[in-house]
J.: 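I have a structure I would like to understand better, so I am pasting it below and will then ask my questions one at a time.
Both ligands and their constituent atoms are indexed starting at 1 by order of listing.
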Amino acid sequence: MNNRFLHGVLTALALMASAASFGQSNSVITIQPQSVPNPENEPRPVFPVPTERQWKWQQTEFYAFFHYGMNTYTGKEWGKGDENVNTFAPTGKPDPKQWLEVVKEAGMKGGIAVVKHHDGFCLWPTETTQHKSMNSSSENAHVNIAERFASAAQELQMKYGFYVSPWDRNSGLYGTDRYVKEVFLKQCAELAKYGSDQFEMWFDGANGGDGYYGGQNKKISIDRATYYDVPNLRDSIHKLSPNIILWGVGGEARWIGNEDGWAGETNWCNENRGIAPESNGMYGTENGWFWLPGESDAKFTDKGWFWHPGCKPMSAERTFQMYLETVGRNATLILNCPPDKSGKIPEDQAMRLKEFGEMLRSRFKTNLAKTATIEASSKRANGATRSYETNNLVDESADTYWAAKDEVKDVTLTFNWNSPQTLRYVTLQEYVRLGQRVKAFSIEYSTDGNTWKPLGGRIKQTTIGYKRIIPLNGSTSWSYGSGYNAKALRIHIKDAKACPALSEIAIY
Ligand code: FUL
Ligand code: CA
């Protein structure tokens, strides 16, 4: 697909190289436009573009975090690493399959299980440490959580991965090279072996500080940019599990910059990796050179990441708002649903997740874009096997797309119905494999097909990216109003880095 561009780049590099070999030249080099065959008439990509694994990862959209471990039994959020292993004593058999079933009801496509937090306590059989569930005297503790979690996800056809804390407050080797080689990297490799189809591995940013450290009880600081040998780790993990996105430092997806479940309305997947990626977490960087999409990590319960007595889940309406402000703003949402002391997700969370799932399905039930006739103000000629017609916008395939002609950056898409429809939400998706392109758009509706009024209130209609959801009443917190009665809806893309390419549009 990108051959044409690649060829251009190579030609330009060759020209630069030959210019350089002429030494200090005042000579002007003219680069001739290349006419490379493009039988599919595909639009030229706007770089950067996602890697194959980033592209798959973005499609996961909404998934769970499961914080469970020693802290569930001590009531702490950050265990020091000096806990007695017998304190980990589940009151029932931990059941990762139940965790996943419960979040599936909420519309989540997968989950990440915390199998080692900062206390270093591991929930799978490993020889890298003695601080592990298998050493607890409780019989219920002897469940291989990593293995059960992976096999349950495969059975339920959900995506899965693990959170393994690089910071280890138990290990006497922490801070040395031996810790990285003999403990941390080994643990990652062990976990990668629980399935070559994992989608993400999570390394959090909290690193170094005081801890037990094998009885040393001191403070150890490391340089988190270099200590864990991330580039090497990344390459080795990809050999075992090619679709794993490494999260965090040196990774392939970025922290959204807050733990409150929101992304910027303007949100680019582009970033300048290497220069503190998190600093621009919420918004990305319009002309950043690296594809680094945002992930928003947030809590479903109100007392921390782990389960604590008396903790309560958020309301379905608040969860919906969070969904609109993350998934609906070009970020993924990883929502933490903590299992309790029995090793299962408690009933109150399970019921609320079900309620939310029903809300999501009913609000996004009938895609009215499918019954509209769609008119585009720019028609791109079809390629040998690819078409760029508007029906690609409603075929539920992420691989087909509508695109305007080259150089057209101001374009409208009008949806007309035979009879008036009630509209509340519009979902837009760019075909981001060609890069994130759109910079400004607006949405308008018409009751008669002649006069147009704006929709979306004060919501910034700037970037789209992988997915954007606009509540038409302009409110993310009270988005389900009485709706707008319309005979037509118009999406006006006003500015883009290059001709827009959209894979899907839905109207509810
Ligand atoms: C943070 C950790 O310190 C928290 O305990 C939690 O795991 C969160 C998701 O990441 O960096
Ligand atoms: Ca499509």
J.: Strictly under 3.0 Å, is the Ca ion (ligand 2) approached by any N, O or S atom of E396?
T.: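 No N, O or S atom of E396 is closer than 3.0 Å to the Ca ion (ligand 2), so no.
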J.: Give a yes/no on ligand 1: does W78 have at least one heavy atom closer than 4.0 angstrom to it?
T.: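 Yes, W78 has a heavy atom closer than 4.0 Å to ligand 1.
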J.: Can you give me the closest heavy-atom contact between Y466 and V432, atom names plus distance?
T.: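 Nearest heavy atoms, Y466 then V432: N-CG1, 3.6 Å.
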J.: Taking the six-membered ring for Trp, are the ring centroids of Y228 and F203 within less than 6.0 Å of each other?
T.: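 Centroid distance Y228-F203: not below 6.0 Å, so no.
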J.: Any N/O of W202 closer than 3.5 Å to an N/O of ligand 1?
T.: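 No, since none of the N or O atoms of W202 sits under 3.5 Å from an N or O of ligand 1.
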J.: Should the pair F121 and F88 be assigned to parallel (<30°), tilted (30 to 60°) or perpendicular (>60°) ring geometry?
T.: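 Tilted.
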J.: Please name the atom of D395, restricted to N, O or S, that is closest to the Ca ion (ligand 2).
T.: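 Per the distance ranking, D395 contributes OD1 as its closest N/O/S atom to the Ca ion (ligand 2).
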J.: Evaluate salt bridge (charged side-chain N to carboxylate O under 4.0 Å, His left out) for E42 paired with R380, printing each intermediate quantity in order.
T.: CA-CA 9 Å; E42 282 213 84; R380 187 180 187 87; over 6 Å; no
J.: Tell me, which protein residue and heavy-atom name are nearest atom 3 (O) of ligand 1, and how many Å apart are they?
T.: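 Checked against all protein heavy atoms, atom 3 (O) of ligand 1 sits closest to H118 NE2, 2.8 Å.
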J.: Answer yes or no for R352 and F300: cation-pi contact, defined as NZ/CZ to six-membered ring centre under 6.0 Å and angle to ring axis within 45°.
T.: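 No cation-pi geometry.
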J.: Considering only heavy atoms of H117, which atoms of ligand 1 have at least one such atom less than 4.0 Å away?
T.: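 Near H117, the atoms of ligand 1 are 4 (C), 5 (O), 6 (C), 7 (O).
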J.: Specify whether an N/O/S atom of E504 falls short of 3.0 Å from the Ca ion (ligand 2).
T.: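 Yes - counting backbone and side chain alike, E504 has an N, O or S atom under 3.0 Å.
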J.: List ligand 1 atoms under 4.0 Å from Y163, heavy atoms only on the residue side.
T.: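 Within the 4.0 Å cut-off of Y163, ligand 1 contributes 2 (C), 7 (O).
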J.: Can you confirm if the aromatic rings of Y63 and F199 lie within a centre distance of less than 6.0 Å?
T.: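 Yes - the distance between ring centres of F199 and Y63 falls below the 6.0 Å cut-off.
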J.: Answer yes or no for Y401: is there an N/O/S atom below the 3.0 Å cut-off from the Ca ion (ligand 2)?
T.: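 No - counting backbone and side chain alike, Y401 has no N, O or S atom under 3.0 Å.
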J.: I want to know whether F364 and F320 have ring centres closer than 6.0 Å.
T.: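 For F364 and F320, the ring centres are under 6.0 Å apart.
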J.: Which of the numbered atoms in ligand 1 are under 4.0 angstrom from any heavy atom belonging to F65?
T.: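 Checking each atom against F65, I get 9 (C).
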J.: Using the six-membered ring of W124, assess whether NZ or CZ of K132 lies under 6.0 Å from its centre and within 45 degrees of the ring axis.
T.: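 Judged by the rule, K132 and W124 form no cation-pi pair.
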J.: Out of I244, V115, L123, which one pairs with F162 under the side-chain contact (heavy atoms from CB on, under 4.5 Å) rule?
T.: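 Option passing the side-chain contact (heavy atoms from CB on, under 4.5 Å) with F162: V115.
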J.: Do ligand 1 and E259 have nitrogen or oxygen atoms that lie under 3.5 Å from each other?
T.: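 Between E259 and ligand 1 (N or O atoms, distance only) the closest approach is not under 3.5 Å.
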J.: H67 heavy atoms, cut-off 4.0 Å: which ligand 1 atoms fall inside?
T.: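 Going through ligand 1 atom by atom, the ones under 4.0 Å from H67 are 6 (C), 7 (O), 9 (C).
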J.: Indicate if the distance from the Ca ion (ligand 2) to the nearest N, O or S atom of Y431 falls below 3.0 Å.
T.: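 So Y431 does not count as coordinating the Ca ion (ligand 2).
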J.: Identify the closest protein heavy atom to atom 11 (O) of ligand 1: which residue and atom is it, and at what distance?
T.: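 Answer for atom 11 (O) of ligand 1: D204 OD2, 2.9 Å.
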J.: R169 and D210: salt bridge (charged side-chain N to carboxylate O under 4.0 Å, His left out), yes or no, with the steps?
T.: CA-CA 7 Å; R169 302 173 90 195; D210 60 322; 3.7 Å; yes
J.: Angle at the Ca ion (ligand 2), O of T400 to O of S397, rounded to 10 degrees, please.
T.: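 Reported to 10°, the angle equals 90°.
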